[in-house]
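Working notes, structure below.
Counting starts at 1 for both ligands and their atoms, following the listed order.
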Amino acid sequence: MAQATISETHTRDLDRDCTTLSRHVLEQLQSFGPEAQDLSALMQRIGLAAKLIARRLSHAGLVDDALGFTGEINVQGEAVKRMDVYANQVFISVFRQSGLVCRLASEEMEKPYYIPENCPIGRYTLLYDPLDGSANVDVDLNVGSIFAVRRQEFYDESHEARDLLQPGDRQIAAGYVLYGASTLLVYSLGQGVHVFVLDPSLGEFVLAQSDVQIPESGQIYSVNEGNFWQWPEGYRQYIREMHRREGYSGRYSGALVADFHRILMQGGVFLYPETVKNPAGKLRLLYEAAPMAFLAEQAGGKASDGQQPILVRQPQALHDRCPLIIGSAADVDFVEACLAESVP
Ligand code: AFP
């Protein structure tokens, strides 16, 4: 086989290092038009938010006021962590004076946050979970950020974000950041799923894998089995079946981003069923389930609430919750079949 010349090797390495988020968006959209420029700049800002959050997480144990709770309760009725507040504020700060996003909606804010100076030209809304799995922060385990981008239809606050109450198939981009052994950013513009790794020496997210496909099936199931007796019977039947099969492993970290990333790479299924405590499910539709469902479908997988695909589920309110079954197509089908069988 012919050896690559030194100059060919340099060109290949440099090309790889230069495939940053902003360049990748332009390549994907094959355009330098205004929409492509906006989305490219928007992804770059999300990358900046991710770097700021990763930086703080990397030495949180040494920073006063980085760990623990604030003493407040958020709109979801959950105790707010200091890192939740910081991460939420990071997204607001990076989008100020950007001209890109007029409105931000997050798990941590009861109502959408308007950035008036951006509104005359900012045509998008960013929905996000700033720090998914934040209970993991204090024990130095994986956490993530989840985001989705939608086109904005109304530009004043009196409409109360009614345009956001539309199914997830209206998302134009979605992704997540995984703060793990390395910091990863995974995103899709509706043209496949692509993985970027933060190269600390460059301070840039660099393309590591493009067009990731979820395996058709896998041997991992990811669920909080502590809730077993709170689930509908169909989920219990599915888990009993997994216990009987050889080669299957349960893996659960308490952070959707981390658990989904494993499934994306290795196949299998993540489940968060409805429970007695959370009869509508625990995960938030608009900024957790829908962005992940967008990615799953783009990677050839599936995402369901047990009755219908997540991407067609109609939200009734900004902070709606839903059950989530997501991952390899064959595994999601099998969970749905167990649910259908158990219906009296
Ligand atoms: P936060 O986003 O409030 O940190 O919640 C994390 C999460 O929504 C999701 O990432 C996990 O999969 C799930 O909750 C864990 O919940 P349990 O602790 O009930 O298993």
Side-chain angles (χ1 to χ4, degrees), residues 49-50 53 56-57 60 66-70 72-91 105-110 127-148 174-180 184 186 220-231 235 239 250-264 268-293 295-296 303-305 310 318-327 335:
I53 295 168
R56 191 159 176 96
L57 285 169
L67 301 178
F69 295 93
T70 64
E72 284 154 27
I73 301 292
N74 72 9
V75 57
Q76 324 280 339
E78 292 161 353
V80 178
K81 300 216 124 202
R82 292 194 172 105
M83 269 306 298
D84 284 324
V85 176
Y86 176 81
N88 191 54
Q89 195 58 41
V90 163
F91 278 91
S106 105
E107 177 181 344
E108 300 303 325
M109 302 185 288
E110 187 178 352
L127 292 124
Y128 63 107
D129 178 355
L131 204 64
D132 169 67
S134 55
N136 282 0
V137 168
D138 289 355
V139 289
D140 209 8
L141 294 178
N142 292 349
V143 287
S145 300
I146 305 174
F147 60 89
Y176 59 81
V177 182
L178 172 58
Y179 308 101
L184 301 183
V186 178
I220 292 165
Y221 63 94
S222 185
V223 66
N224 183 346
E225 281 196 65
N227 293 333
F228 189 85
W229 292 109
Q230 294 193 48
W231 300 333
Y235 290 102
I239 293 299
R251 293 281 184 272
Y252 189 73
S253 75
L256 169 64
V257 167
D259 290 324
F260 176 75
H261 189 70
R262 183 199 297 274
I263 302 286
L264 176 68
V269 65
F270 172 94
L271 315 159
Y272 207 111
E274 51 274 59
T275 60
V276 173
K277 186 173 163 210
N278 287 304
K282 180 183 180 197
L283 302 180
R284 277 51 60 121
L285 174 59
L286 283 172
Y287 39 83
E288 289 184 314
M292 293 309 210
L295 294 168
S304 161
D305 64 6
I310 289 287
L318 186 58
H319 299 291
D320 265 9
R321 295 170 188 262
C322 65
L324 179 63
I325 306 160
I326 188 167
V335 178

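For S222, there are no side chain to side chain donor-acceptor pair (under 3.5 Å) partners two or more places apart in sequence or in a different chain. Shown here are the side chain to side chain donor-acceptor pair (under 3.5 Å) partners of E110, two or more places apart in sequence or in another chain: there are none.
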Pairs of donor and acceptor atoms involving the side chains of residues 139-147, under 3.5 Å and at least two apart or interchain, shall be tabulated with distances.
unit_1, atom_1, unit_2, atom_2, d
S145, OG, P130, O, 2.7
S145, OG, Y179, OH, 2.8

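Aromatic ring centres of F91 and Y128: separated by under 6.0 Å.
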Assess the residue pair E107 and R284 against the criterion (side-chain contact (heavy atoms from CB on, under 4.5 Å)); give the C-alpha distance rounded to whole Å, side-chain angles, the decisive distance to 0.1 Å, and a yes or no. CA-CA 8 Å; E107 177 181 344; R284 277 51 60 121; 3.3 Å; yes

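Partner of Y272 under the side-chain hydrogen bond (donor to acceptor under 3.5 Å, both in side chains) criterion, chosen from D259, N278, N227: N227.
Protein residues with any heavy atom under 4.0 Å from ligand 1: E78, E107, D129, L131, D132, G133, S134, N224, Y252, G254, A255, L256, F270, Y272, K282, L283, R284, E288.
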